[in-house]
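What you see is a predicted model; the values in this text were computed from it and never measured.
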Amino acid sequence: PLEMSAKRPVPFLRQVVPVRKKVQRDPRFDDLSGEYKPEIFLKTYSFLDSIKKQEKEMVQKQLKKCRNMEQKEKLQRLLNRMTQQEQAQKKQQKLRERELSLKRQQRELAKQGKKPFFLKKSEKRKLELAEKYAELKRSGKLESFLNKKRKRNAIKDKRHLPSQKNL
């Protein structure tokens, strides 16, 4: 038994046996979990894509059958979120592939004895915009995209102009 002083009052909740405190680990910030590599992660969890596809089809079927308006709106929001996540994933994949191709080109140039040349962020953005422009031109949506962009810019410009009230 644990010896305690008789001069101090005994605490109400006395710890008879010391309890080992659980140490919580967050794998995102812990060194024991290793380094995050998106390529390996995507390969390991590639089976999730097929599951997500099945779930999306199931939601679409439910949406067709559903009669309740509230439930229909909920399902529609869920479907929109799923498609947006899918598009974001495709965009990330394209970006990753583009970076990998640039790295390969740099390696080949280095093997030939040339100095490596790395693109700035602004130059990468310009290349991305040019690619987006070409994609829109191919799909035939370029004109509508440019019209929307013009409208957006016009609204921004109007905000900076002095209004009639201020004059």
Side-chain angles (χ1 to χ4, degrees), residues 19-112 114 116-160:
V19 181
R20 290 181 72 200
K21 192 176 181 184
K22 278 188 177 180
V23 179
Q24 292 181 338
R25 296 187 316 110
D26 191 343
R28 295 173 296 173
F29 309 111
D30 200 355
D31 291 332
L32 293 173
S33 301
E35 196 175 317
Y36 172 69
K37 294 178 183 170
E39 295 84 23
I40 295 170
F41 180 84
L42 286 172
K43 282 180 186 175
T44 310
Y45 293 101
S46 59
F47 66 93
L48 289 177
D49 292 333
S50 60
I51 294 171
K52 283 180 183 178
K53 193 175 182 180
Q54 289 173 352
E55 286 178 352
K56 189 178 176 184
E57 289 171 1
M58 192 174 71
V59 168
Q60 285 174 335
K61 286 178 184 175
Q62 284 180 349
L63 188 65
K64 285 181 182 178
K65 289 180 185 177
C66 190
R67 298 279 177 237
N68 187 2
M69 290 303 288
E70 290 178 23
Q71 190 71 17
K72 207 169 193 174
E73 286 177 17
K74 235 182 201 179
L75 287 170
Q76 189 64 46
R77 279 196 299 265
L78 179 64
L79 189 65
N80 287 343
R81 189 170 67 227
M82 286 173 146
T83 53
Q84 284 174 352
Q85 284 175 349
E86 201 175 284
Q87 287 172 350
Q89 197 174 21
K90 283 179 184 175
K91 192 176 179 182
Q92 282 284 341
Q93 185 65 28
K94 273 187 179 179
L95 203 140
R96 212 173 286 114
E97 285 173 3
R98 191 181 307 121
E99 285 180 5
L100 281 172
S101 66
L102 285 172
K103 279 184 183 178
R104 282 191 202 109
Q105 287 175 353
Q106 292 304 321
R107 280 194 201 117
E108 287 173 17
L109 290 173
K111 283 179 184 175
Q112 292 171 6
K114 293 182 181 176
F117 172 74
F118 300 102
L119 290 173
K120 292 185 217 168
K121 222 177 192 179
S122 59
E123 290 171 349
K124 283 182 184 177
R125 205 175 297 127
K126 282 179 187 175
L127 284 173
E128 197 174 309
L129 277 171
E131 196 174 297
K132 187 177 181 181
Y133 181 84
E135 180 82 27
L136 285 167
K137 197 168 189 177
R138 248 183 280 126
S139 63
K141 298 177 183 176
L142 179 67
E143 199 59 44
S144 64
F145 174 77
L146 290 175
N147 284 336
K148 283 181 187 177
K149 197 141 184 90
R150 276 190 211 104
K151 282 181 185 176
R152 232 180 282 135
N153 288 339
I155 291 169
K156 281 183 187 176
D157 291 342
K158 277 185 182 177
R159 259 191 232 134
H160 296 297

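Every side chain to side chain donor-acceptor pair (under 3.5 Å) that R28 has, sequence neighbours left out, goes to D26. Residues satisfying the side chain to side chain donor-acceptor pair (under 3.5 Å) criterion with D157, sequence neighbours excluded, are absent altogether.
Shown here for K72 and C66, the closest heavy-atom pair between the two residues is N-SG, 3.8 Å. Between K156 and H160 the shortest heavy-atom distance is O-CD2, 3.1 Å. In terms of heavy atoms, L75 sits closest to V59 at O-CG1, 3.9 Å.
Taking NZ of K126 as the reference point, atom CG of L119 lies at 11.0 Å (rounded to 0.5 Å). Note that CG of L79 is 10.0 Å distant from CD of Q84, once rounded to the nearest 0.5 Å. Between atom CG of residue L63 and atom NZ of residue K61 there is a gap of 13.0 Å, rounded to the nearest 0.5 Å. Going from atom CG of L146 over to atom CG of N153 covers 10.5 Å, rounded to the nearest 0.5 Å. The distance from the CZ atom of F145 to the CZ atom of R150 is 11.0 Å, given to the nearest 0.5 Å. Atom CD in E123 sits 13.0 Å away from atom CZ in F118 (nearest 0.5 Å).
For Y36, the OH atom is densely surrounded, since the number of other residues' heavy atoms within 6.0 Å is greater than 12. The environment of CD in E57 is crowded: more than 12 heavy-atom neighbours from other residues, nucleotides or ligands sit within 6.0 Å.
Only one option out of K132, E135, K137 pairs with L142 in a side chain to side chain contact (heavy atoms under 4.5 Å, CB included); it is K137. Tested against E86, the residues K53, K52, K56, K91 include a single salt bridge (Lys or Arg N to Asp or Glu O under 4.0 Å) partner, K56.
Identified under the ring pair (Phe, Tyr, Trp, His ring centres under 6.0 Å) test for residues 53-108, with sequence neighbours left out: none.
Within the 4.5 Å cutoff, the side chain of L42 has heavy atoms near those of the Q89 side chain. The shortest side-chain heavy-atom distance between R96 and E39 falls under the 4.5 Å cut-off.
A salt bridge links E128 with R98; the closest basic N to acidic carboxylate O contact falls under 4.0 Å.
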